[in-house]
Number of protein chains: 2
Amino acid sequence: METRIERLCVERGLKMTGQRRVVARVLSDAGDHPDVEELYRRASALDQHISIATVYRTVRLFEEQGILERRDFGGGRARYEPTEDGPHYHLIDVETGKVIEFQDPEHERLMHAIAGRLGFDVVSLRLELFGRRQGTAGKPRSRAASRPGEPDDDAPMAPAGEATKGARR
Amino acid sequence: METRIERLCVERGLKMTGQRRVVARVLSDAGDHPDVEELYRRASALDQHISIATVYRTVRLFEEQGILERRDFGGGRARYEPTEDGPHYHLIDVETGKVIEFQDPEHERLMHAIAGRLGFDVVSLRLELFGRRQGTAGKPRSRAASRPGEPDDDAPMAPAGEATKGARR
DNA sequence: CTACATGCAAACAGTTTGCCATCGC
DNA sequence: GCGATGGCAAACTGTTTGCATGTAG
């Protein structure tokens, strides 16, 4: 059966190749915010004939078509999520890397007010909370840098909302 | 005379080499949020004997010592600013790239409340507004559709300030 | 049939690092 | 003098691209 994203592609007149269909499917199934490598991993499981370059190209195309949204949660890799619901923000669990979405109209109003006070119109904004589940007091949880893609799981990341680029072994 | 940052370095027992002193000085003078290349450019003006690798190492060291804070405004490069005033956020002018700082206790309270409602304690948060000066209605940006958090440079003050170094992608 | 998509590997930008000469303390 | 530091170039990571081949429409 045809996924929602596949339908969008057709509507926009995109040539539907096998690999685009696979990426579209993977994205439709994703409930999380995968990065390109993860998408590539999931796509490969459905079709060996796909290269990571194609995933990059497809993801970029989809973004240009407004089908996908690119997120940058720090950590150096772009994460993607299908454009769907209205504006929402993300709370990243610093222990598990899981991402929780939330919205908040009041916050939005506040931001517009602040910008207005400075003489600006808000074009877009970025808001991310990094938090720890209550009760999980700073316990030195095994900092398992579990790289291997746990399907369904957003990757762990450092707090501070900073880049942490490069392999700091 | 000794800058505030140089003093901090000494307090922390860091070996004060010539190049560290230069970087410290450049940072103390910076009123903006320069990236490493810009720091390197400014530092080079004061001392030819400095390599970009040293700037990277110094900036990392200072960050670990809590003297500097790394920011990621998108665009792929890390930006730095001396740790000084209390928590504040940034509004980036999408036309000029200039960064304006602001604070807002109310917003902070709100964020803690939201996290709390979800069962989390806020460890840190990232908030950036991308805005356009009121009245500057959507001018046709030469660069085709790219997301707000764009390149440009903040308060170019150095002579060699031509930030645009080359077409990305 | 033809313009566009893909695979592969090489190119890139930003950042880090190995090695050895050098310098602060 | 000794161990930390700096210079240089090579290594790395995430992402893009040139080129030849394959394929949707």
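Side chains included, hydrogens not; waters and symmetry mates left out as well; all remaining heavy atoms used. Below, chain A is the first sequence line, B the second, and so on; all start at residue 1.
- Heavy-atom nearest nucleotides on DNA chain C were determined for B:Gly18 and for B:Tyr80, and the one closer to the 5' end corresponds to B:Tyr80.
- For the pair A:Arg77 CZ and D:dC12 P, the computed distance is 17 Å after rounding to whole Å.
- Across the protein-nucleic acid pair, B:Gln19 atom CD and D:dT5 atom P stand 11 Å apart, rounded to whole Å.
- Contact check, A:Tyr56 against D:dT16: no side-chain N or O comes under 4.0 Å of OP1 or OP2.
- When the P atom of C:dC4 is taken as reference, atom CZ of A:Arg20 falls 11 Å away, rounded to whole Å.
- Across all strands shown, B:Arg57 has heavy atoms under 4.0 Å from base atoms, whether or not it also approaches the sugar-phosphate.
- Side-chain atoms of A:Arg20 come within 3.5 Å of backbone atoms of A:Lys15 as a donor-acceptor pair (strictly under, hydrogens ignored).
- For the pair B:Arg21 (side chain) and B:Met16 (backbone), a donor-acceptor distance under 3.5 Å is present.
- Side-chain contact check for A:His33 and A:Glu81: at least one donor-acceptor pair (N or O, by modelled atom type) lies under 3.5 Å.
- Nucleic acid contact class of A:Ile52 (heavy atoms, under 4.0 Å, all strands): none.
- Around CD of A:Gln103, the count of heavy atoms belonging to other residues, nucleotides or ligands within 6.0 Å does not exceed 12.
- B:Glu63 places its CD atom 12 Å from the P atom of C:dT15, with the value rounded to the nearest Å.
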